[in-house]
Amino acid sequence: MNKVEPRTLAGFMELLPEEQILFEQMKQKIEKTYQKFGFLPLDTPIIELSEVLLAKAGGETEKQIYRFNKGDTDLALRFDLTVPLAKFVAKNYGNLSFPFRRYQIGKVYRGEKVQKGRFREFYQCDIDIIGDEELSILNDAEIPNVIYTIFKELGFDDFTICINNRKLLNGLFESLSQNENATEILRIIDKIDKIGKEAVIEELEKINVQKDSINRILEFIEIDGTNDEKISKLQNLNIQNDIFKVGLEEITETIKYIRIFGIPENNFKIDLTIARGLDYYTGTVYETFLNEHREIGSVCSGGRYENLAEYYTNKKLPGIGISIGLTRLFYVLNELNLIKAEQKSISKVLVIPMSEDLKVPIEIANKLRKQEVNTEIYLNDKKLKAKMKYADKLQIPYVIIVGDDEINSGIVKIRNMETGEEKEWNFNEELKEIS
RNA sequence: GUGGAUGUAGCGCAGUUGGUUAGAGCGCCAGUUUGUGGCACUGGAGGCCGUGGGUUCGAGUCCCAUCUUCCACCCCA
């Protein structure tokens, strides 16, 4: 018989158990931190009506979305978690308490060309805070606290949360009469890290930005110094534009409260070149970099948007949120050997029955499980050697062999697989400690 | 969408200027050891050499096509 070759689609991550264990651990750390800050869980369908997902539509999304028909229904796979959130909030407006803080961890789909660290199916770990009509700038300062806590929890110290405010850039562009070009200019200056200053100037010239405007823009993004110095230099630019002034106020407040939230000074900074999320961000924007590995790009990005659900409701719902691309984060950390899959099993004990009578081994396993000890029973008919080998290969730390002698005496030996040491346990009593 | 690469056991690879039955390592299975794993030794399974066509007495090796996977640009997590 001809066999079908077992293959996995390109751009879809599939892990071996030991890698998956590590992945799950990272995911759990993120989720626990989100919960610690009071974000509520949300789960939405992976498939939605195309009409709903493409309400906003536009460029890349439409090109990349997985779309198909089932009967007469035009369906699509979600390409992020923000659009489903918008739909959800609009739909359930009356049943939610605002500000609505929710987290969602789930897979999203983008039909892009695959590349290193670029997936077609990947996990996003999102939090958003949605206000009803308004949302305090304090929220903009709390988000970095969440980011900070997560990356500390994941074991990093040397990372920087970069903060900018789109109103500064937009105000600047407006004062230079470059509003129409704003998106284009943002995209170009966002690349400055990658392509350098000269190339940025060239590209700006290509889209017909005036020389003196280019100079003003560069003067702006090249502002350096400490956070406080940057703020005062921004003031000194003396840009007479309302949007700019609001942006300056907002970023000043944000920085002020970030400090109050207790983020160490070297884990955040104003970075006037970041201009993420070209479409919907309107205020504060964030990007987070691992300083030793800036080349991998931002590991957590987000920002503020004026009106989350404008395509679904007339209610004005401003929000702020971030997203961690967990699949890519896991992939690059693994590539860089910053994390290593070592744990091959989550069982702490393997019970090996060596008698026809399974009653006692099962009792023992149940007893251990009741004490929150992950326990596995070897249920297949093999020689002891093979059973031991199984425990060894999966690196299960403890083994309990249960044969007729043990059943009769009521005493088993708990073997520490690493040291070979064996301790006796009368399984009719509570197990005090396993170590 | 544009440009550049890749393809030999489960995995990462070797395979001489085209020459007989395609190799080693790791992994896997079994035995040495009928209730004690790792180590060692011995043995074993496992390959349409991506696919189709061509050149040739002869192709894993050369040519063409095709598929696949990967990389850069674009965009993004």
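Chain identifiers are assigned alphabetically (A, B, ...) following the order of the sequence lines, protein sequences preceding nucleic acid strands; residue numbering begins at 1 within each chain.
Nucleotides B:rU61 and B:rC75, compared at atom C1', are 41 Å apart to the nearest Å. Annotation: B:rA59 and B:rU55 have their P atoms spaced 11 Å apart (nearest Å). Spacing of C1' atoms, B:rU66 relative to B:rC26, comes out at 34 Å, to the nearest Å. For the P atoms, the distance from B:rG23 to B:rA5 is 32 Å, rounded to whole Å. For the P atoms, the distance from B:rG52 to B:rU68 is 16 Å, rounded to whole Å. To the nearest whole angstrom, the two C1' atoms, one in B:rC67 and one in B:rC74, are 25 Å apart. For B:rG47 and B:rU2, the P atoms lie 39 Å apart once the distance is rounded to whole Å. Between the C1' atoms of B:rU8 and B:rU69, the separation comes to 15 Å (whole Å).
Partners of A:Arg78 according to the salt bridge (Lys or Arg N to Asp or Glu O under 4.0 Å) rule, which considers only residues two or more places apart in sequence or in another chain, do not exist here. Checked against salt bridge (Lys or Arg N to Asp or Glu O under 4.0 Å), A:Asp74 has the following partners two or more places apart in sequence or in another chain: A:Arg67. The salt bridge (Lys or Arg N to Asp or Glu O under 4.0 Å) test applied to A:Lys359 returns A:Glu363, not counting sequence neighbours.
Here CD1 of A:Ile251 is found 11.0 Å from NZ of A:Lys167. Values are rounded to the nearest 0.5 Å. Taking CG of A:Asn215 as the start and CD of A:Glu222 as the end, the distance is 9.5 Å to the nearest 0.5 Å.
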Q: Produce a footprint string for nucleotides 27-38 of chain B: one letter per nucleotide, 5' end first; B if the base is under 4.0 Å from any protein heavy atom, S if only the sugar-phosphate is, - if neither.
A: -SSSSBB-BBBB
Q: For RNA chain B, produce a single dot-bracket line, 5' to 3'. Pairs: Watson-Crick or G-U wobble, both distances under 3.5 Å. Symbols: ( ) within strand, [ ] crossing, | other strand, . unpaired.
A: (((((.(..((.(.....[...).)).(((((.......))))).....(((((..]....)))))).)))))....
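For the pair A:Ile324 and A:Glu203, nearest-nucleotide mapping onto RNA chain B gives the more 5' position to A:Glu203. Taking for each of A:Phe122 and A:Lys116 the nucleotide of RNA chain B with the nearest heavy atom, the 5'-most of the two is the partner of A:Lys116.
Residue contacts shown for A:Ala391 are absent, as no nucleic acid heavy atom lies under 4.0 Å away. Note on A:Tyr123: nothing from the nucleic acid sits closer than 4.0 angstrom, heavy atoms only.
Here the rule is side chain to side chain donor-acceptor pair (under 3.5 Å) with A:Arg304, and of A:Asp140, A:Asn165, A:Thr284 only A:Asp140 fits it. Considering A:Met26, A:Glu19, A:Gln25 in turn, A:Met26 is the only one that fulfils the side-chain contact (heavy atoms from CB on, under 4.5 Å) rule with A:Ile339.
With rounding to whole Å, A:Arg118 atom CZ is found 10 Å from B:rC75 atom P. The distance between atom CD of A:Glu112 and atom P of B:rC73, rounded to the nearest whole Å, is 13 Å. Atom P of nucleotide B:rG1 and atom NZ of A:Lys113 are separated by 6 Å, given to the nearest angstrom. For A:Arg120 and B:rC70, the CZ to P distance is 8 Å, given to the nearest whole Å. The distance from atom CD of A:Glu14 to atom P of B:rG10 is 17 Å, rounded to the nearest whole Å. Computed from coordinates, the A:Leu333 CG to B:rA77 P distance equals 17 Å when rounded to whole Å. In this structure, the CD atom of A:Glu287 is 11 Å from the P atom of B:rC76, given to the nearest Å. One atom, OH of A:Tyr109, and another, C1' of B:rC76, lie 18 Å apart when rounded to the nearest Å.
Of the candidates B:rC75, B:rC74, B:rC70, the closest approach to any side-chain atom of A:Gln115 belongs to B:rC74.
Note on residues 324-335 of chain A: pairs passing side chain to side chain donor-acceptor pair (under 3.5 Å), not counting sequence neighbours, are A:Lys116-A:Glu335.
One can find a donor-acceptor pair under 3.5 Å joining the base of B:rC76 and the side-chain atoms of A:Arg328.
The aromatic rings of A:Tyr148 and A:Phe159 sit tilted relative to each other, their planes meeting at an angle between 30° and 60°.
Under a 3.5 Å cut-off, the side chain of A:Asn408 and the backbone N or O of A:Asp404 do form a donor-acceptor pair. Judged by distance alone, the side chain of A:Asp126 and the main-chain N or O of A:Ser323 form no donor-acceptor pair under 3.5 Å.
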